[in-house]
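Computed from a predicted structure; not experimentally measured.
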Amino acid sequence: MTQRLLSFEKSVPGRRSAVVPPLDVPMPELPRAFARQSDLPLPQLCELDVSRHYKQLADCAYGVNSGFYPLGSCTMKYNPAVNEAAAALPGFQQAHPLAPEEATRGCRAAMAELERDLCEVTGMDAFTLQPAAGAHGELTGLLLIKAYHEARGDSRRVRMLVPDSAHGTNPASAAMAGYTVVSVRSRADGCVDLDHLRSLLGDDVAGIMLTNPNTLGLFERDILTISELVHGAGGLLYYDGANLNAILGLARPGDMGFDVTHLNLHKTFATPHGGGGPGSGPVGVKAALKPFLPVTASAGAADGLQVKAFYGNFSVMLKALCYLKVLGGDGLAQAGRHAVLNANYLLHRLRQAGYAPAYDQPCMHEFVLCLEAIKHETGVSALDVAKAMIDHGIHPPTMYFPLIVHEALMFEPTETEDQATLERVADIMKEILSQARSDPQSLHEAPHNAPIGRPDEVKAAREPVLKYQPERP
């Protein structure tokens with residue numbers, strides 16, 4: 001049954017949360033132009049009603065601290081509490097962005113140290129921390145590539161190559177930067193088709209956007225060849241850092257030939273992720289692109305090119321710096337290894353449960369299942385399975401992505417889950433598959449135990465209700 005989640009729906013005429021004593025001073029009168037012409041239709045609730053209302057809303061929210069959250073390609077891993085404590089230190093928390101430089105030396109020193117650490121982790125020569133999120137970092141990095149080519153008088157480079165398995169933000173960011181997006185095919189093994197790449201290269205190609213491992217959870221083993229081909233044609237390589245968690249402390253984009261990279265501090269470096277932010281998408285570059293970078297903490301004052309106000313989302317940076325310092329180089333490598341181990345273990349267990357991987361080979365930090373055969377056999381879709389997972393208290397994985405896999409479910413367990421959790425998830429998935437064969441209709445109607453069942457997603461997209469409209473008497 002759908003719960004009443006709006007305070008307006010719980011309103012009872014005459015209820016109050018507090019009694020305000022009468023004014024003992026004259027009531028000022030507002031000019032009519034600034035006064036309401038009708039009563040403000042606020043919900044009428046007592047204090048207990050309000051407290052329970054917000055508790056129910058909190059119970060509806062699902063995060064990594066609620067349970068298993070395998071959202072593929074998003075690295076939804078646990079954020080250690082020590083990171084929050086470090087960012088909450090008074091000297092950081094009470095710093096004001098407009099304070100004079102001498103009053104913010106500690107803050108700028110912390111940001112400069114984070115820039116140096118990110119250079120070491122990625123093999124880049126310089127970083128800016130300004131971009132507010134991953135897609136913002138993508139746009140910034142692509143504008144850096146454009147500035148680099150234009151500074152060399154090479155304005156004819158208008159095409160950006162993007163694999164067909166890429167994150168959706170990649171072609172969107174390239175288009176926003178003014179590039180013509182050209183799709184590069186994947187081979188049967190899920191990696192970039194080198195022959196197709198060669199056929200697309202020319203003197204109008206500005207570069208290629210890649211993530212490695214790619215969005216299918218597979219390592220692009222031909223990355224050095226790709227780098228040689230693109231550089232040979234005069235283009236640059238852009239690294240989408242969304243999947244860096246798999247190679248953290250083990251391999252570096254800069255050593256693979258990438259010229260620009262953005263990182264997701266709210267993914268790879270264990271700062272809060274989801275709920276609309278805040279995020280952070282620092283951008284790193286090789287030396288040739290350093291002159292085009294926006295403001296960096298290492299440069300001193302924030303008086304250069306800016307893509308966001310001041311230096312960026314400062315508290316997120318502090319949490320990432322704390323994560324780096326606590327783990328160190330060996331700890332980062334251990335996190336990367338465990339992320340890959342967990343993904344391969346869960347993939348193995350799901351194979352045993354009856355699910356087919358889209359690419360039947362070892363994966364990196366994530367993997368994609370193809371439920372096309374299950375849908376053909378039972379009529380149960382990937383969406384049905386994902387909705388059924390909600391009834392079992394776990395968050396669904398990424399659905400129907402990448403687009404080149406039909407009936408796709410993409411899992412990323414991350415390094416922060418233990419074996420018992422992975423075993424429980426595998427057992428749940430096995431139970432759901434058995435239910436698909438014995439009672440498919442129940443899965444078509446799932447979830448059964450969530451506050452909200454299945455909304456009309458098409459109508460919600462085309463006719464969104466963005467505010468509460470009270471019923472008129």
Rounded to the nearest 0.5 Å, what's the gap from [atom1] on [X] to [atom2] on [Y]? Could you check?
X      : Y      : atom1 : atom2 : answer
Asp222 : Ser227 : CG    : OG    : 12.0 Å
Leu142 : Leu236 : CG    : CG    : 10.5 Å
Asp164 : Ser183 : CG    : OG    : 4.5 Å
Leu216 : Ile404 : CG    : CD1   : 4.5 Å

Measuring only between side-chain heavy atoms, which start at C-beta, is [X] closer than 4.5 Å to [Y]?
X      : Y      : answer
Phe401 : Thr215 : yes
His392 : Ile432 : yes
Asp240 : His167 : yes
Phe269 : Asn83  : no
Leu45  : Lys10  : yes
Leu409 : Thr398 : no
Asn212 : Pro253 : no

Using distance alone, with no hydrogens and no angle criterion, decide if [X] and [Y] have a side-chain donor and acceptor under 3.5 Å apart.
X      : Y      : answer
Asp384 : His444 : yes
His231 : Asp259 : yes
His406 : Glu372 : yes
Gln435 : Glu431 : no
Asn170 : Glu138 : yes

Tell me, yes or no, whether the heavy-atom count around [X] atom [atom1], taken from other residues, nucleotides or ligands under 6.0 Å, exceeds 12.
X      : atom1 : answer
Tyr54  : OH    : no
Glu377 : CD    : yes
Arg52  : CZ    : no

Check [Y] with [X], please: is the shortest side-chain N to carboxylate O separation under 4.0 Å?
X      : Y      : value
Arg187 : Asp195 : no
Lys430 : Asp427 : no
Asp204 : Arg159 : yes

Among residues at least two apart in sequence or on other chains, which ones pass salt bridge (Lys or Arg N to Asp or Glu O under 4.0 Å) with [X]?
X      : result
Asp456 : none
Glu407 : Lys375
Arg156 : Asp154, Asp203
Glu84  : Lys319

Distance-only check: which donor-acceptor pairs under 3.5 Å involve side-chain atoms of residues 242-249, not counting sequence neighbours?
from   : atom 1 : to     : atom 2 : distance (Å)
Asn243 : OD1    : Ser73  : OG     : 3.4
Asn243 : OD1    : His365 : NE2    : 3.3
Asn243 : ND2    : Pro213 : O      : 3.0
Asn243 : ND2    : Asn214 : O      : 3.2
Asn245 : OD1    : Lys77  : NZ     : 2.7
Asn245 : ND2    : Glu415 : OE1    : 2.9

Would you please name every residue forming a side-chain hydrogen bond (donor to acceptor under 3.5 Å, both in side chains) with [X], sequence neighbours left out?
X      : answer
Gln44  : Arg16
Thr378 : none
Arg424 : none
Glu412 : Thr75

Are the side chain of [X] and the backbone of [Y] linked by a donor-acceptor contact shorter than 3.5 Å?
X      : Y      : value
Arg454 : Ala446 : yes
His136 : Ala132 : yes
Thr122 : Leu118 : yes

_Partners passing side-chain contact (heavy atoms from CB on, under 4.5 Å) against Leu143 (at least two apart in sequence or in another chain)_ = Leu139, Ala177

*Output all residues satisfying side-chain contact (heavy atoms from CB on, under 4.5 Å) with Ala86, sequence neighbours left out; order by chain, then residue number.*
Cys322

*asked:* Are Phe258 and Tyr238, when compared by the centres of their aromatic rings, separated by less than 6.0 Å?
replied: no

*Could you name each residue pair satisfying side-chain hydrogen bond (donor to acceptor under 3.5 Å, both in side chains) that touches residues 327-348, not counting sequence neighbours?*
Tyr345-Gln419, Tyr345-Glu423, His348-Gln352

_For Val182, run the side-chain contact (heavy atoms from CB on, under 4.5 Å) check against Val162, Leu161, Val205 and tell me which one passes._
Leu161

*Determine, stepwise, if the pair Arg252 / Asp255 fulfils salt bridge (Lys or Arg N to Asp or Glu O under 4.0 Å).*
CA-CA 5 Å; Arg252 307 192 306 176; Asp255 299 333; 2.8 Å; yes

_Could you walk me through whether Thr140 and Gln130 satisfy the side chain to side chain donor-acceptor pair (under 3.5 Å) test, starting with their C-alpha distance in whole Å, then the side-chain angles of each, then the deciding distance to 0.1 Å, before giving a yes or no?_
CA-CA 9 Å; Thr140 301; Gln130 272 207 329; over 6 Å; no

*Assign the ring pair Tyr69 / His395 to parallel, tilted or perpendicular, where the plane angle (0 to 90°) is split at 30° and 60°.*
parallel

*May I have the step-by-step check of side chain to side chain donor-acceptor pair (under 3.5 Å) for Asp439 and Ser442, ending in yes or no?*
CA-CA 6 Å; Asp439 185 12; Ser442 67; 3.2 Å; yes

